[in-house]
Number of protein chains: 2
Amino acid sequence: MDKRAFKDRLYGEFATVAKALANPHRLELVDLLAQAPRRVEELAAEAGMTVANTSAHLQVLRRARLVEAEREGVTVTYRLATPDVFTLWRTLRDLGTRQLAEVDRLVETFLADRDGLEAIDQEELHRRMQDGSVAVLDVRPAVEYEQGHIPGARSIPVDELERHLADLPKDREIVAYCRGPYCVYADRAVRLLSARGFRALRLVDGFPEWQAAGYPVERHGSAANRGTPQRSTT
Amino acid sequence: MDKRAFKDRLYGEFATVAKALANPHRLELVDLLAQAPRRVEELAAEAGMTVANTSAHLQVLRRARLVEAEREGVTVTYRLATPDVFTLWRTLRDLGTRQLAEVDRLVETFLADRDGLEAIDQEELHRRMQDGSVAVLDVRPAVEYEQGHIPGARSIPVDELERHLADLPKDREIVAYCRGPYCVYADRAVRLLSARGFRALRLVDGFPEWQAAGYPVERHGSAANRGTPQRSTT
DNA sequence: CTATTAATCAAACAATCTTTAGAATACTCC
DNA sequence: GGAGTATTCTAAAGATTGTTTGATTAATAG
């Protein structure tokens with residue numbers, strides 16, 4: 001094998017990873033799987049695709065070793081092959097956010113009223129959590145909460161929020177978070193809560209970013225911290 | 001615009017970035033541009049492609065805002081749009097290295113004798129540079145050295161190494177580096193030097209990784225440090 | 001064994017991507 | 001203006017990708 005053949009094949013291998021991410025549907029699937037492992041049907045429903053098409057895309061991801069599948073009886077559960085896959089997706093997403101004006105434009109258009117919502121970042125939330133001045137609210141679907149959440153966070157999926165307002169404090173600020181910077185659940189929650197007289201604000205990032213930054217994480221209500229928080233793993 | 005349309009378009013934008021990287025030739029171009037800005041012809045020659053094809057691929061990268069072009073007289077010089085593009089490429093490459101067995105196999109096959117070469121990492125090189133126990137050798141093409149190199153490194157492109165052996169010290173270890181973990185120039189240099197009685201070893205990473213890690217960098221022989229080194233920007 | 005459910009496969013088609021060859025453009029030098 | 005050079009554009013062929021439809025496989029329950 002000569003040098004040119006070696007290079008071609010090596011870059012070819014790395015290109016298969018990029019190819020796996022080079023499709024909007026597959027990026028959405030990766031984004032969903034970063035929240036929690038899921039079955040094919042669930043993924044198809046969440047992403048608004050047919051099951052057959054979802055299955056085909058999942059297999060592209062699997063061939064690139066970005067996701068793994070596990071059969072349990074009649075269902076097949078997919079999960080990210082390693083947390084590094086989320087890191088890659090986030091690196092891609094953040095670069096796109098900085099470089100592509102169109103992303104800004106889309107956010108401006110669709111999340112026009114987001115500017116009116118108060119927001120805080122991870123560092124500030126972590127500080128305020130420690131002095132107990134805030135209540136934390138996870139508004140993602142329950143299955144995602146169960147796979148891991150910010151310690152002490154209460155799980156109320158956004159669609160059920162209206163029914164559980166009585167459980168929330170009026171005397172403390174409420175910080176709502178969801179899947180990530182482009183997830184709209186937290187926006188909706190903050191808007192609803194504000195309208196009902198709560199003091200609510202949103203976390204600018206989602207749970208996967210919180211976890212990737214090394215902040216403590218809780219699972220199934222039992223403490224499962226990763227030690228002292230360490231900022232900025234990027 | 002409804003939520004589904006918003007998501008589709010947002011993921012679609014991010015997919016354009018992944019698509020730009022989803023081709024072996026374009027990855028090689030990004031890798032080359034991470035070393036130094038270059039003209040189309042130079043890139044085509046380095047990557048073993050026709051000029052027309054190189055131009056076409058560069059424009060895919062440009063539309064995705066990963067590279068920028070600047071016309072200077074009759075030539076057009078391309079460069080990475082931001083250093084973050086290298087970060088994305090490295091994240092992709094490192095994930096591929098960890099996940100794809102085929103990468104390992106290719107390296108084993110083509111760089112079979114690499115195991116016999118002594119190697120050190122960035123941290124250790126930085127330490128040894130400070131106590132003056134090593135000479136550092138940049139074996140990349142001169143244009144790449146001129147765009148930035150490890151402070152105090154001597155530039156001898158690997159093809160000219162044999163002619164300049166007299167300039168190298170026999171009483172100190174020589175650390176050779178080149179473009180990155182899969183670049184073969186440093187391997188060749190270390191092999192040649194060892195055969196001629198020098199004590200030579202290779203740096204496991206290349207210059208772009210050194211720079212991205214926050215270690216000091218020098219340009220055109222004049223000091224241009226970035227302050228104290230800070231490890232691990234990943 | 002049969003029926004049921006979840007997931008995958010196979011075939012087909014449209015759409016997109018890659019490459020080449022040759023033409024066209026943009027600039028410089030004379 | 002004309003010649004020469006670097007780059008880009010155009011057109012066309014060939015390969016790859018994405019999606020749907022309907023069939024098929026794998027496991028479970030009765």
Side-chain angles (χ1 to χ4, degrees), chain A residues 4-5 7-9 11-30 32-33 37-64 66-79 143, chain B residues 4-5 7-9 11-30 32-33 37-64 66-79 143:
Chain A
R4 182 37 52 202
K7 280 192 185 175
D8 287 349
R9 291 171 67 177
Y11 286 116
E13 288 299 317
F14 296 130
T16 63
V17 179
K19 271 195 191 117
L21 296 180
N23 176 281
H25 291 316
R26 290 198 291 270
L27 287 180
E28 183 163 7
L29 293 173
V30 168
L32 286 166
L33 292 173
R38 271 179 228 260
R39 289 177 289 119
V40 179
E41 243 187 350
E42 294 173 314
L43 289 165
E46 278 277 2
M49 307 161 61
T50 65
V51 170
N53 197 15
T54 303
S55 176
H57 281 302
L58 285 168
Q59 275 166 80
V60 174
L61 290 169
R62 187 153 69 146
R63 257 177 265 129
L66 298 185
V67 308
E68 286 169 356
E70 189 190 2
R71 179 143 222 149
E72 298 169 73
V74 79
T75 68
V76 176
T77 299
Y78 281 83
R79 68 190 70 242
V143 290
Chain B
R4 181 39 49 203
K7 280 191 185 175
D8 287 348
R9 290 170 66 176
Y11 286 115
E13 288 297 319
F14 295 131
T16 63
V17 179
K19 269 194 192 118
L21 297 180
N23 176 283
H25 290 317
R26 289 198 291 270
L27 287 180
E28 182 163 8
L29 293 174
V30 168
L32 286 167
L33 292 173
R38 271 180 229 260
R39 290 176 288 121
V40 179
E41 242 187 350
E42 293 173 314
L43 289 166
E46 278 277 2
M49 308 162 62
T50 64
V51 170
N53 198 17
T54 302
S55 176
H57 281 302
L58 285 168
Q59 275 165 79
V60 174
L61 290 169
R62 186 153 68 147
R63 258 177 264 128
L66 297 185
V67 308
E68 286 169 356
E70 188 190 4
R71 178 142 222 151
E72 297 169 75
V74 79
T75 68
V76 176
T77 300
Y78 281 83
R79 68 191 71 239
V143 289

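Excluded from the calculations below are hydrogen atoms, water molecules and symmetry mates; all remaining heavy atoms, backbone and side chain alike, are included. Letters go in sequence order (proteins before strands), and every chain restarts at 1.
Of the possible donor and acceptor atoms, none in the side chain of B/S55 sits under 3.5 Å from a partner among the backbone N and O of B/V51. In this structure a side-chain-to-backbone donor-acceptor pair under 3.5 Å is present from A/E42 to A/R39. B/R62 places no side-chain N or O within 3.5 Å of a backbone atom of B/A64 that could act as its donor or acceptor partner. Formation of a donor-acceptor pair under 3.5 Å by the B/R26 side chain with backbone atoms of B/K19 is found in this model. The backbone N or O of A/G73 lies less than 3.5 Å from a partner atom in the side chain of A/R71, making a donor-acceptor pair.
An OP1 or OP2 oxygen of C/dC17 is reached within less than 4.0 angstrom by no side-chain nitrogen or oxygen of B/H57. Phosphate proximity of D/dT7 to B/Q59: absent, as no side-chain N or O sits under 4.0 Å from OP1 or OP2. Put simply, A/Y78 has a side-chain N or O that comes within less than 4.0 Å of OP1 or OP2 on C/dT8.
In this entry the distance linking CG of B/N23 with C1' of D/dT17 reads 14 Å, nearest Å. Atom CG in B/L58 sits roughly 11 Å away from atom C1' in D/dT8 (whole-Å rounding). As a whole-Å value, the separation of B/R38 CZ from D/dA6 P is 17 Å. Summarising the geometry, the separation between CZ on A/R39 and C1' on C/dT5 is reported as 11 Å, rounded to the nearest angstrom. Rounding to whole angstrom units, OH of residue B/Y11 and C1' of D/dG18 are separated by 19 Å. As a whole-Å value, the separation of A/N53 CG from C/dC13 P is 18 Å. Atom CD in B/E70 sits roughly 18 Å away from atom P in D/dA6 (whole-Å rounding). Whole-Å rounding puts the B/R63 CZ to C/dC17 C1' distance at 11 Å.
A residue-by-residue look at A/M49 and A/E72 shows that A/M49 has its nearest nucleotide of DNA chain D further toward the 5' end. Mapping A/V74 and A/R62 onto DNA chain C by nearest heavy atom places A/V74 at the nucleotide closer to the 5' end.
With C/dA7, D/dT7, C/dC17 as the choices, the nucleotide that has an atom nearest any side-chain atom of A/E41 turns out to be C/dA7. Checking D/dA26, D/dT7, D/dT8 against the side-chain heavy atoms of A/R71 singles out D/dA26 as nearest. Picking from C/dT19, D/dT7, D/dG18 the nucleotide with the shortest atom distance to the side chain of B/T75 gives D/dT7. Picking from D/dT7, C/dT8, D/dG18 the nucleotide with the shortest atom distance to the side chain of B/V51 gives D/dT7. Closest approach to the A/S55 side chain among C/dA21, D/dA6, C/dA7 is made by C/dA7 (side chain taken as heavy atoms from C-beta onward). Distances from the side chain of B/K19 to the nucleotides C/dA26, C/dC17, D/dT7 place C/dC17 closest. Out of D/dT19, D/dA6, C/dT19, the shortest distance to the side chain of B/A56 is found at C/dT19. Comparing C/dT20, D/dG18, D/dT7 against the side chain of B/A52 picks out C/dT20 as the nearest.
Among the protein residues, A/T54 comes within range of no part of the nucleic acid, since none of its heavy atoms lies under 4.0 Å from any strand.
In summary, A/E13 and A/R63 do not engage in a salt bridge, as defined by a charged side-chain N under 4.0 Å from a carboxylate O.
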